[in-house]
Amino acid sequence: VTDGGGSHRGHAKITRSEIVQIRRQEALTALKILGVESKDIHFLDKCDGALSKMTETEQQQTIEEMAQLLRSFQPQEVYVTHKQDRSQDHEMTYQLVKAAITKAEVTVELWQYAIWLLWKSLLFQSLNFDELVGAHRVAIHQVQSKKKQAIETYRSQYLPIDAESS
């Protein structure tokens with residue numbers, strides 16, 4: 001949904017546009033590993049870190065873009081960041097996706113995944129266990145090595161940005 005350019009703010013050795021290109025290439029590489037054809041990849045390129053600051057018009061435009069993709073692909077499942085993931089962009093993404101599903105009038109199974117929910121809950125002190133109702137682990141043994149390989153392509157998210165060129 002976002003362009004990824006909001007990470008590494010204030011880093012003297014890399015510009016926002018360079019980060020955007022790094023993140024896009026990481027995503028394309030990971031998706032290729034997972035077998036997604038390039039014609040099925042769509043970037044909405046919304047400003048990273050600013051989804052909650054979008055105007056109502058911008059939100060409606062984003063919902064319409066998502067709804068068009070949903071109508072086009074007719075998925076049975078949609079995966080989205082958790083509605084209370086402790087990240088404004090992730091929480092707004094959930095809201096936008098929910099609205100797009102309604103607008104597209106498609107029936108899908110909506111799967112939420114947590115990224116920051118547990119990490120930013122201060123050792124579970126601020127975690128409301130109602131936020132995890134219905135949570136369960138999904139066995140991925142058959143695709144685990146591919147998933148691991150795809151995750152490893154996101155070097156900018158787990159290595160110092162200076163290590164990108166190596």
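Bear in mind that the values here come from a model prediction, so they are computed numbers and not experimental data. Numbers for residues simply follow the sequence, beginning at 1.
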Inset, instruction - Not counting sequence neighbours, which residues clear side-chain hydrogen bond (donor to acceptor under 3.5 Å, both in side chains) with Q59? List them please. - result: none
Inset, instruction - Would you mind listing every ring-ring contact (aromatic ring centres under 6.0 Å, His included) that reaches into residues 27-53, with sequence neighbours excluded? - result: H42-F73
Inset, instruction - With sequence neighbours excluded, tell me which residues meet salt bridge (charged side-chain N to carboxylate O under 4.0 Å, His left out) with E18. - result: none
Inset, instruction - Could you tell me the separation between the CE atom of M92 and the CG atom of D89, rounded to the nearest 0.5 Å? - result: 9.0 Å
Legend entry - With sequence neighbours excluded, residues passing salt bridge (charged side-chain N to carboxylate O under 4.0 Å, His left out) with D3: R16
Legend entry - Point-to-point distance, once rounded to the nearest 0.5 Å, from CD of Q157 to CD1 of I151: 10.5 Å
Legend entry - Qualifying side chain to side chain donor-acceptor pair (under 3.5 Å) pairs, either residue in residues 142-152, two or more places apart: K148-E152
Inset, instruction - Measure the CE-CD distance between M54 and Q60 for me, rounded to the nearest 0.5 Å. - result: 9.5 Å
Inset, instruction - Kindly write out the residues that satisfy side-chain hydrogen bond (donor to acceptor under 3.5 Å, both in side chains) with S17, not counting sequence neighbours, or none if the list is empty. - result: T15
Inset, instruction - Tell me, please, which residues at least two apart from D40 pass salt bridge (charged side-chain N to carboxylate O under 4.0 Å, His left out). - result: none
Legend entry - Joint cluster assignment, L28 & V1, ILVMFWY side-chain distance < 4.5 Å: no
Inset, instruction - Report the hydrophobic cluster partners of I33, with the cluster defined as I, L, V, M, F, W, Y residues connected by side-chain heavy atoms closer than 4.5 angstrom, directly or transitively. - result: none
Legend entry - Under 3.5 Å donor-acceptor, E91 side chain and R86 backbone: yes
Legend entry - Intermediate values then yes/no, side-chain contact (heavy atoms from CB on, under 4.5 Å), R23 and I19: CA-CA 6 Å; R23 291 291 175 91; I19 293 169; 4.2 Å; yes
Legend entry - Nearest-0.5 Å distance that lies between atom CZ in R24 and atom CD1 in I41: 10.0 Å
Inset, instruction - Return the set of residues passing ring pair (Phe, Tyr, Trp, His ring centres under 6.0 Å) with Y113 (not counting sequence neighbours), or none when no residue passes. - result: none
Inset, instruction - Determine yes or no for a side-chain-to-main-chain donor-acceptor pair under 3.5 angstrom, with E26 supplying the side chain and S156 the backbone. - result: yes
Legend entry - Minimum heavy-atom distance between Y158 and Y154, given as atom pair plus value: CD2-O, 3.2 Å
Inset, instruction - Could you tell me which residues satisfy side-chain hydrogen bond (donor to acceptor under 3.5 Å, both in side chains) with Q21, sequence neighbours excluded, listed by chain and number? - result: none
Inset, instruction - To the nearest 0.5 Å, tell me how far D85 CG sits from I115 CD1. - result: 5.5 Å
Which atom pairs, one a donor and one an acceptor, fall under 3.5 Å between side chains of residues 94-111 and the rest of the protein, sequence neighbours left out?
residue: T102; atom: OG1; partner: K98; partner atom: O; Å: 3.2

Legend entry - Intermediate values then yes/no, side-chain contact (heavy atoms from CB on, under 4.5 Å), T62 and L51: CA-CA 10 Å; T62 302; L51 288 184; 5.8 Å; no
Legend entry - side chain to side chain donor-acceptor pair (under 3.5 Å) pairs, two or more places apart, involving residues 69-79: E64-R71, E77-Y79
Inset, instruction - Give the minimum heavy-atom separation between E58 and T55, together with the two atoms involved. - result: OE1-N, 2.7 Å
Inset, instruction - Decide whether L31 and L44 are clustered together by the hydrophobic rule: side chain heavy atoms of Ile, Leu, Val, Met, Phe, Trp, Tyr closer than 4.5 Å, transitively. - result: no
Legend entry - Minimum-distance pair of heavy atoms, taken over all atoms of L70 and P75: O-CD, 3.5 Å
Legend entry - ILVMFWY network linking V80 to L69, side-chain heavy atoms under 4.5 angstrom: yes
